[in-house]
Amino acid sequence: MRVILAEDSVLLRAGLTRLLTDGGFDVVDAVGDGEALLRSVAEHGPDLVVVDVRMPPTHTDEGIRAALAIRRLWPDVAILVLSQYVEERYATDLLSAATSSVGYLLKDRVARVGDFLDALRRVAAGGTALDPEVVSQLMVRRRPDPHARLTPRELEVLRLMAEGRSNNGIVDALGVSHSAVEKYVGNILAKLDLPPADSDHRRVLAVLKYLRR
């Protein structure tokens, strides 16, 4: 099985190369940045790529963006992301682009070498290998926006609340009754999962949720 490693840490790159070689993999190249990874894949045509997320020059998301490019340009190449971080936006894109031959493991949570090598083989064979923490974070990210529960009128009321309008101000702006505004506000607080509490001002919390969308 032909493998390319992409890891900017020289020591970790050398260690992974030795580890995979001892495990029966043929490491055809080991590179330190995303652009070198793309060139190497084009040259060697590997079966599997193991790539870190944060690589030079900015050490932000070069590695996983390279992985997305590989998935687009060479869809038959299996990809295992091995990182300390969950880059949620790109991870979602990568895992949505294919349901096979893909993995995402966190370095600090790999407890046994044998399990890691098994994960590599599984991904290369068309399977998946996802750390439970990765799955958990992506599920939280993809949780439905509670604002989607609001009606257009309730969203309008919430927008006016965010502008600092009181109930009287909302009555004047919308030309509705006080009881109608009170009902809208109550519905908004309930739909945004803001139950009554002694210590928190729910109206402020609702506005904060709206502004953070």
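Since this is a predicted model, take the numbers as computed values, not measurements.
Arg109 and Asp131 are joined by a salt bridge, as a carboxylate oxygen and a charged side-chain nitrogen come within less than 4.0 angstrom of each other.
Taking each heavy atom of Val51 and Gly63 in turn, the nearest pair found is CG2-O, 3.5 Å. Looking at every heavy atom in both residues, Leu94 comes nearest to Ala67 through CD1-O, 4.3 Å. Contact record, Ala78 with Arg71: CA-NH2, 4.1 Å, taken as the closest heavy-atom pair. Heavy atoms only, all atoms of each residue included: Arg13 and Gly32 are closest at NH1-CA, 3.6 Å. Residues Glu154 and Ile188 share a closest heavy-atom pair of O-CD1, 3.3 Å. For the residue pair Met55 and Asp8, the shortest heavy atom distance occurs at CE-N, 4.0 Å.
Residue Thr21 holds its OG1 atom at 7.5 Å from CG of Asp26, rounded to the nearest 0.5 Å. To the nearest 0.5 angstrom, Thr17 atom OG1 is 10.5 Å from Asp22 atom CG. The CZ atom of Arg153 sits 13.5 Å away from the CG atom of Leu158 when rounded to the nearest 0.5 Å. The structure places CD1 of Ile79 at 10.0 Å from CH2 of Trp74, a figure rounded to the nearest 0.5 Å. The CD1 atom of Ile4 sits 7.5 Å away from the CZ atom of Arg2 when rounded to the nearest 0.5 Å. To the nearest 0.5 Å, the span separating CG on Asn187 from CG on Leu192 amounts to 10.5 Å.
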Practice item. Before giving the answer on side-chain contact (heavy atoms from CB on, under 4.5 Å), spell out for Glu182 and Ser177 the whole-Å C-alpha distance, their side-chain angles and the decisive distance to 0.1 Å. Key: CA-CA 9 Å; Glu182 290 175 355; Ser177 67; over 6 Å; no
Practice item. Check the pair Asp108, Leu106 against side-chain contact (heavy atoms from CB on, under 4.5 Å), reporting the backbone distance first and the verdict last. Key: CA-CA 6 Å; Asp108 293 341; Leu106 299 180; 5.8 Å; no
Practice item. Could you check Ile70 against Val49 for side-chain contact (heavy atoms from CB on, under 4.5 Å), going step by step and ending with a plain yes or no? Key: CA-CA 9 Å; Ile70 292 168; Val49 166; 4.3 Å; yes
Practice item. Step by step, work out the side-chain contact (heavy atoms from CB on, under 4.5 Å) result for Arg165 and Val181. Key: CA-CA 12 Å; Arg165 304 284 187 100; Val181 170; over 6 Å; no
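Applying the salt bridge (charged side-chain N to carboxylate O under 4.0 Å, His left out) test to every pair with at least one member in residues 31-46, sequence neighbours left out, gives no pairs at all. Pairs passing the salt bridge (charged side-chain N to carboxylate O under 4.0 Å, His left out) check and including a residue from residues 48-63, sequence neighbours excluded, read Asp52-Lys107, Asp61-Arg65. Within the structure, salt bridge (charged side-chain N to carboxylate O under 4.0 Å, His left out) contacts touching residues 117-129 (residues at least two apart or in different chains) are Asp118-Arg121.
Looking only at side-chain heavy atoms (C-beta outward), Tyr184 and Leu150 stay at 4.5 Å or farther from each other.
Cluster membership check: Val102 does not share its hydrophobic cluster with Tyr85, using side-chain heavy-atom separations under 4.5 Å among Ile, Leu, Val, Met, Phe, Trp and Tyr.
Considering Leu174, Asn167, Thr151 in turn, Leu174 is the only one that fulfils the side chain to side chain contact (heavy atoms under 4.5 Å, CB included) rule with Val157.
Under the side-chain contact (heavy atoms from CB on, under 4.5 Å) criterion, Ala69 pairs with Leu38, Arg72, sequence neighbours left out. With sequence neighbours left out, the salt bridge (charged side-chain N to carboxylate O under 4.0 Å, His left out) criterion links Asp76 to no other residue.
Residues Met1, Val3, Leu5, Leu12, Leu16, Leu19, Leu20, Phe25, Val27, Leu48, Val50, Leu80, Leu82, Leu105, Val110, Val113, Phe116, Leu120, Val123 make up the rest of the hydrophobic cluster containing Leu117, defined by ILVMFWY side-chain heavy atoms closer than 4.5 Å, directly or through other members.
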